[in-house]
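Per chain, numbering begins at 1; letters A, B, ... match sequence-line order.
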Amino acid sequence: MDYEPHAIERKWQQVWADADAFHVPNPVSGEPAPERHWYQLEMLPYPSANGMHMGHVLNYTMGDVVTHVRRRSGWTVVRPMGWDAFGLPAENAAIREGGHPREITERNIKTIREQMKRLGWAIDWDREVSSHTPDYYRWTQWLFLKFFEHELAYRKEAPVNWCPNDQTVIANEYIVDGHCERCGALVELRNMTQWFFKTTAYADELLEFELPEGGEWPERTKAIQRNWIGRSEGAEILFRVDELDLDVPVFTTRADTLFGATFFVVAPEHPFVEAHANEEAKSYARLAGARRAEDRAAETAKTGVFTGQYATNPVNGEKLPVWVADYVLMDYGTGAIMAVPAHDERDREFAEAFSLPIVDVIDDDGKLVNSNGFDGLTAMDGARGIVSMLEEKGRGKLTVSYRLRDWSFSRQRYWGCPIPIVYCDKCGVVPVPEDQLPVLLPEIEDYAPKGKPPLASNEAWMRVPCPKCGGEARRDPDTMDTFVDSSWYFIRYVDPHNDHAPFDRFVTDYWLPVNQYIGGIDHTTGHLLYSRFFVKALNDFGMLGFREPFARLFHQGWVQMGGTKMSKTKGNVAGPDDILGEYGADAMRLYILFMGPAGEDMEWTESGIDGIVRFVRRLWRTVHEVVERAPAPGVREGTLARKANETIAKVTDDVVRRFRFHTPISAVMELLKELSAAPDAPDARFAAETAVSLIQPYAPHVAEELWGVLGHERLWEEPWPVADESQLRRDTIELVVQVNGKVRDRMTVAAGLPEDELIAFARASERVAAYLNGGEPRNVIVVPDKLVNIVV
RNA sequence: GCGGGCGUGGCGAAACCUGGUCAGACGCGCCGGUCUCAAAAACCGGUGUCCUAACGGACAUGUGGGUUCAAAUCCCACCGCCCGCACCA
């Protein structure tokens, strides 16, 4: 019988579906639960119009291998799937091509779901959720209300990117070189009232990574998050503007250089400018303030204007001119700095551009000079001394500043989760009561923003009685950032049908935190950080029993084409359909994992697929040959059996401990090579069973079929093989004999010999004798059962 | 500038975690063979570099140094490449 992948794959996919093979029910409260349970999760996909690309195939196949190996090793594994279904691409497609974002999204979901099913992944489809359905976003809204209640969601004015031509807010992704990608107009900043999550309230804890037991995150991911949070310790110091009887605080990490401050700078957006600066400074600030920080930073030359005011240095009473300049950022520190041109590169550039004085206060040995009583101190001691002196006078204190900003999640778009808030002239900001959730996303005709969010044009939807006073009120026309949806999907996954709460505490206590999370490193400062924030907050609300969502984290490498990451705009996207059509799912799955280490970037090429196809055919042919020619089953000793046991040990260790997915395939290839050379050996049947069993997580369809050929059934439930330790031991070993660390001979000797006997063997070697030249060894090193090194 | 990572054949890579078996498993490609009228497929064999007719030998894991009886593997420095952040005071 020939190997026909498509027929086999259809057949087994149907069998698994009929058997509900990968569905895992939730534990029932009060009943004893299985001890070893595992939550296997890969980042949920966005339902793109192009279907899956190879990165998805890699990602989910890896998760699938882990799922199968864990399941068959006695773990209860939950492995759900869902859709990050809101978001801009579908809305833009609707504007461009007509249709409704929902229809577009659901069509895409259907396509990808079918691809996933064709790939035969062991997904518990009963748990499928999609963020755009009312029974999901109802709970997104409910959670938002909890954050609002706890004052972790709040409104404030903040600048957004605004395209003056299209009259719309635009996302960073759609800005190219400071211009609107669509129309080319220069993007401006415009202040709007927006919703924020108070992520900064958790800044210190987000730095901690107190992972659950067995948890491990890549060092680089933690480094990126730490860098993003950007904690720096310094001091806040008050400078007085005597004329105005006003204190203006600055943040500095270099209080030791305070005596070197020669001028003072505030950011263009600093309230000081509008209130106290001269006209020239005000007009400079207005212009600068309308430009995006990225554009401001792109300019190398320093610009700024003197405000006409002077601030007094609290340590020496010197009057420093107050400037406004766009190199000072409003949203870091206090938005004002003391400028020390002698010891700060940016301040120096500015001082040189505007001929401001430069005073050295740190000498070449790093000691303070020109600093009154502090001369001679090290920088650290100087800073400490200066700050404590100021503290006594009430003019300064130690403080910490963060780079992390609160998370702005208002989006002036249609295709997202409505914000369950109404605005009442009498009552102000009023949350929609829980029993009125969900606030349904209404059907509208036109998604194009015209100076206001699309929902704002829907008068019937916007007008709503105030939940508090019953008077006329209006809804919030914005929707939520899709990262809100994905900040808790992994919690909903474990209790997806719950219709009286977002999730049940008993169920989440059982499954969560996620044991193994797999996804792209590009989500480090977005989704991964937001999810950690959500979990910490929900824990503080008493809704969850843990504080970190993901115990182990793994990032797959990029599948690239032409040296760059696949992307639609570059047109270098490859999906699985061609390979699925030509060679089937098993070949696709094996091939994507065989390409190289899953954690490293790889260049997509089909050039190696032949090797995988040959391997599968050879497995097919060999198993059939073994069934015909090998004696009855039962023999588990011999050369092939030893190799089989070694392969079991290797595959298991690689997948479970090392998270390596390509080397196990090599190992099974080796086993198969030896097996195909002796298909009639007494232990051939055991070797064949082992090869089929070990390849099952990678190629479940053909493995299942061959398992049947070998006379068994339900391989997906078959216990994962365990290496027979007694078979791993060898009676003889190859003794390596080195002279001065170079291999000069090797010989087969009995295992377990004492050192002196090994030395005797080594010295008896003629080849070794030739290198010894009759001299006496200075030293002899023996590694039992391995080698003898003779040093002369 | 700050932070993280990677350098091994023609190519993807293995061995690095846990120092020890002439480094290069497994696969691609290439070369040769079997089969065929021929080709493809399939199967078998070869394939780091250099010297040699051969036997055999020398060299070889980005560069330099260190630790060690022994280094691709551990440590340090440098070079090259990649990624993240960045006028963050």
Side-chain angles (χ1 to χ4, degrees), chain A residues 218-228 230-232 234 250-255 257 261 265 267 293-294 296-300 302 325-329 331-340 343-347 349-350 401-405 521-522 524-525 558 563 565 590-591 594-597 599-603 605-612 614-615 617-618 621 650 653 657-658 660 662-673 676-677 733-747 777-783 785-792:
Chain A
E219 207 41 59
R220 58 176 169 154
T221 312
K222 292 195 276 189
I224 291 169
Q225 286 202 356
R226 285 197 195 102
N227 196 260
W228 186 258
R231 183 181 203 274
S232 54
V250 303
F251 174 75
T252 180
T253 54
R254 294 296 307 277
T257 63
V265 191
E294 294 90 326
R296 279 155 57 169
E299 244 157 57
T300 43
K302 292 274 181 291
D326 66 1
Y327 81 94
V328 174
L329 308 173
D331 55 3
Y332 184 75
T334 63
I337 63 158
M338 61 174 212
V340 186
H343 307 292
D344 182 283
E345 210 180 308
R346 298 149 302 175
D347 296 345
E349 277 177 37
F350 194 84
S401 196
Y402 299 89
R403 203 136 64 191
L404 182 72
R405 317 268 191 266
I521 194 166
D522 52 330
T524 299
T525 57
W558 296 122
K565 192 178 151 184
L590 281 164
Y591 184 52
F594 189 62
M595 284 193 80
E600 287 170 30
D601 295 351
M602 54 192 90
E603 176 69 17
T605 164
E606 291 189 21
S607 69
I609 187 77
D610 288 347
I612 283 296
R614 278 179 206 136
F615 163 66
R617 286 199 198 120
R618 183 182 209 169
R621 199 170 54 239
K650 162 84 177 157
D653 187 56
R657 184 181 67 88
R658 302 190 67 196
R660 305 278 277 182
H662 62 315
T663 42
I665 301 174
S666 303
V668 176
M669 283 173 170
E670 280 185 58
L671 172 61
L672 181 60
K673 196 179 248 187
S676 63
I733 54 112
E734 193 173 23
L735 181 68
V736 174
V737 185
Q738 298 180 329
V739 177
N740 291 335
K742 291 210 176 219
V743 177
R744 294 305 181 188
D745 202 2
R746 57 192 56 229
M747 51 188 77
R778 265 198 303 144
N779 195 5
V780 179
I781 311 288
V782 180
V783 181
D785 279 351
K786 268 196 179 157
L787 66 73
V788 174
N789 184 15
I790 299 171
V791 186
V792 292

Please tell me if [X] has a side-chain N or O lying less than 4.0 Å from either OP1 or OP2 of [N].
X	N	result
A:H662	B:A13	no
A:R617	B:C43	no
A:R226	B:C85	no
A:T524	B:G84	no

What's the closest nucleotide to the side chain of [X] if the choices are [options]?
X	options	answer
A:W228	B:A89, B:C85, B:A42	B:C85
A:R618	B:G27, B:A25, B:A89	B:G27
A:R660	B:A89, B:G4, B:A14	B:A14
A:N227	B:A13, B:G20, B:G3	B:G3
A:V736	B:A25, B:U21, B:G29	B:U21
A:Q738	B:C17, B:C26, B:G20	B:G20
A:D653	B:A15, B:U18, B:G12	B:U18
A:N789	B:C26, B:A89, B:G20	B:G20
A:Y327	B:C87, B:A14, B:C69	B:C87
A:L787	B:G20, B:A25, B:G27	B:G20

Which nucleotide, if any, forms a Watson-Crick or G-U wobble pair with [N], using both distances under 3.5 Å?
N	value
B:G1	B:C85
B:G80	B:C6
B:G19	none
B:C30	B:G46

Could a donor-acceptor pair under 3.5 angstrom be found where the side chain of [X] meets the base of [N]?
X	N	result
A:E603	B:G12	no
A:K673	B:C26	no
A:R657	B:C17	yes

Q) Closest heavy-atom contact between A:E603 and A:M595? A) O-CE, 3.1 Å
Q | Nearest heavy-atom neighbours spanning A:A667 and A:K650 | A | CB-CG, 3.8 Å
**Q.** N/O donor-acceptor pair under 3.5 Å between A:R403 side chain and A:N227 backbone
**A.** yes
Q: Could you grab the distance from atom CH2 of A:W228 to atom OG1 of A:T524, nearest 0.5 Å is fine?
A: 10.5 Å
Q. How many angstroms lie between atom CZ of A:R226 and atom NZ of A:K222, to the nearest 0.5 angstrom?
A. 6.0 Å
Q) If you pin A:E670 and A:D347 to their nearest nucleotides in RNA chain B, which one's is more 5'? A) A:E670
Q: Hey, which sits more toward the 5' end of RNA chain B by its nearest nucleotide, A:I521 or A:S607?
A: A:S607
**Q.** Anti/syn call for B:G10, syn if |chi| within 90°
**A.** anti
Q. Is it the case that A:K302 places NZ or CZ above or below the six-membered ring of A:Y327, under 6.0 angstrom from the centre and within 45 degrees of the axis?
A. yes
With rounding to whole Å, what would you report as the distance between [N] and [M] at their [atom1] atoms?
N	M	atom1	answer
B:U36	B:A41	C1'	11 Å
B:G48	B:G27	P	15 Å
B:C78	B:G3	P	13 Å
B:C16	B:U21	P	10 Å
B:A15	B:A54	C1'	32 Å
B:G24	B:U61	P	14 Å
B:U68	B:G12	C1'	34 Å
B:G1	B:A86	C1'	8 Å

Q) Charged N to carboxylate O under 4.0 angstrom, A:R405 versus A:D331? A) yes
